[in-house]
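Whatever order the structure lists ligands and atoms in, that order sets their numbers, starting from 1.
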Amino acid sequence: MAVMRSRSPAATDAVLDRLIAAEEERFLARTPRSRALLDEAVGVLPGGVASSWQSAPPQAVWLDRGHGSRVFDVDGNEYVDLHNGFGVMLVGHAHPAVVAAVQQRVTAGTHFAQPVPDLLPVARELARRFGLPQWRFANSGTEATLEAVQLMRAATGRSRIVKVEGSYHGHHDTALVSVYPDLDEAGPAEAPRSVPEHGGVPEPVARLVSVVPFGDLAALRRVLDAHPDEIAGLLIEPIMMNVGIIEPPPGYLEELIEECHARGVLVAFDEVKTGLTIAPGGAVEHFGVTPDLVCLAKAMGGGLPCGALGGTEAVMSRITDGTYEQVGTFNGNPLTMAAAKATLCEVLTPAAYRHLDALRERMVDGARRVLADHRLRGYVQAIGAKGAVIFSDRRLRDYRDFVAYDARWGHAHWLYQHNGGVFLPPWGKCEQWTLSVQHTVDDVDRFVANLERFAETLTA
Ligand code: PMP
């Protein structure tokens with residue numbers, strides 16, 4: 001990993017370390033109220049946060065409110081929000097259509113655990129976008145992938161699941177295998193070991209999960225052939241989005257579906273991140289491939305907790321006939337459905353996607369120009385509303401490449417953007433930006449200007 005011009009790698013390393021230290025200091029000086037709340041919170045919230053990944057170094061930033069493309073922290077700092085709640089807020093904050101739908105619903109009762117009419121336009125719109133006829137609802141991405149895993153097992157009468165090394169699918173047992181494994185435990189790159197993510201995942205569960213490298217059909221074939229009649233399904237992010245952004249090699253998704261189907265193995269796309277954000281019909285539309293199941297969450301609910309599972313007639317009939325009982329007290333919750341209906345049918349229109357495309361192009365062009373002008377190592381990977389600057393001289397293809405990429409770059413860039421009034425998702429190396437329909441050219445230009453200052457500092 002290096003930067004450029006005349007600076008040696010060792011000198012660049014030293015600059016990067018100094019830059020992180022200085023930017024963390026600025027960051028802490030700008031967020032004293034967050035610090036005070038954190039100090040109060042540690043007594044009642046482990047680590048002072050509601051979810052462990054909210055606690056990114058140097059400290060969690062406590063937010064007060066969001067409007068349009070901007071969020072405001074408890075210290076009064078304003079940010080262009082490209083974190084967007086880990087990609088949920090594709091509609092932007094407090095979008096008038098979502099606000100109106102939620103306000104109307106909240107005065108007419110928010111929960112019955114009985115079907116409500118809004119289920120129909122939401123299910124129909126998802127069916128239209130993803131080309132899968134039947135849908136059920138859940139309350140998070142974790143629930144959506146958990147349902148997919150259990151349904152694939154119930155439908156096939158088999159127990160084994162295949163997943164990709166370095167993919168995150170939420171926090172149920174089967175999903176928490178080889179997400180970010182240590183390389184000294186992870187075995188050879190072409191035949192990774194199944195590593196439980198933490199002590200809460202029992203070894204026997206991990207043993208029921210086979211792990212393959214992304215983009216490697218030969219490795220997948222070996223796993224499929226090693227376990228004849230044992231594998232229920234493959235759960236896969238069609239584009240890896242918890243290791244920056246890694247797109248699949250051409251033809252990979254089509255072929256993996258063929259290989260799986262030839263052996264009676266089902267395929268579920270985890271489109272929790274890609275669904276709705278990279279195209280109106282997610283990876284299914286973008287790549288023109290249809291798996292047996294699609295898992296959605298995040299952007300679908302316009303900011304309310306949500307999840308969905310779409311499937312073919314054949315697989316979803318196993319819910320209809322009772323082979324698999326897909327259940328949940330809050331499934332199809334009226335408030336979520338009202339927000340989802342407004343999101344899908346009123347906000348995420350073809351014009352909205354054209355706006356997102358134009359902003360992305362401007363952002364990508366600007367970022368590429370900065371990298372080129374300053375001869376900063378790295379590349380820009382972007383698709384739909386999503387994108388990332390990956391400060392690696394090699395294009396990442398899979399988890400092993402991702403591990404070799406120095407995390408300090410993503411962190412330094414994240415800090416730099418933050419202090420410059422742009423809120424990217426924390427964990428810079430793993431995450432990507434999400435634009436919203438309410439972002440503007442000025443927002444995008446602020447991101448590019450910050451990147452330029454970052455490049456200047458590193459190359460000066
Ligand atoms: N799948 C993917 C691809 C994700 O990125 C995530 C969350 N980042 C999940 C599933 C889990 O979603 P949730 O946090 O809503 O449970």
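- Note on ligand 1: M241 sits outside its first shell, no heavy atom being nearer than 4.0 Å.
- The aromatic rings of W414 and H418 are tilted relative to each other, their planes meeting at an angle between 30° and 60°.
- For atom 13 (P) of ligand 1, the closest non-hydrogen atom of the protein is G141 N, 3.5 Å.
- For ligand 1, the atoms closer than 4.0 angstrom to any heavy atom of K273 are 5 (O).
- The main-chain N or O of L344 is found under 3.5 Å from a side-chain atom of R129 such that the two form a donor-acceptor pair.
- Remark: distances from the non-hydrogen atoms of F86 to ligand 1 are all 4.0 Å or more.
- Judged by the shortest distance from any of its heavy atoms, K298 lies inside the 4.0 Å radius around the atoms of ligand 1.
- Looking only at side-chain heavy atoms (C-beta outward), V380 and M363 stay at 4.5 Å or farther from each other.
- Among protein heavy atoms, atom 1 (N) of ligand 1 sits closest to D270 OD2, 2.6 Å.
- In this structure, R354 does not pair ionically with D357, as no charged nitrogen and carboxylate oxygen lie closer than 4.0 Å.
- The protein heavy-atom contact nearest to atom 5 (O) of ligand 1 is N242 ND2, 3.0 Å.
- Summary of contacts: the protein heavy atom closest to atom 10 (C) of ligand 1 is H169 C, 3.3 Å.
- The ligand atoms of ligand 1 that sit less than 4.0 angstrom from a heavy atom of S140 are 15 (O), 16 (O).
- Here D401 does not pair with R395 in a salt bridge; the nearest charged N to carboxylate O distance is not below 4.0 Å.
- Ion pairing of E78 with R446 is present here, as a side-chain N (NZ or NE/NH1/NH2) and a carboxylate O approach within less than 4.0 Å.
- Between F130 and L296 there is a side-chain heavy-atom pair separated by less than 4.5 Å.
- If you number the atoms of ligand 1 from 1 as listed, the ones under 4.0 Å from a heavy atom of T142 come out as 11 (C), 12 (O), 13 (P), 16 (O).
- With distances taken over non-hydrogen atoms, the option nearest atom 11 (C) of ligand 1 out of C430, A144, P425, G170 is G170.
- One finds no salt bridge joining R400 and D398 here, because no Lys/Arg side-chain nitrogen approaches an Asp/Glu carboxylate oxygen to under 4.0 Å.
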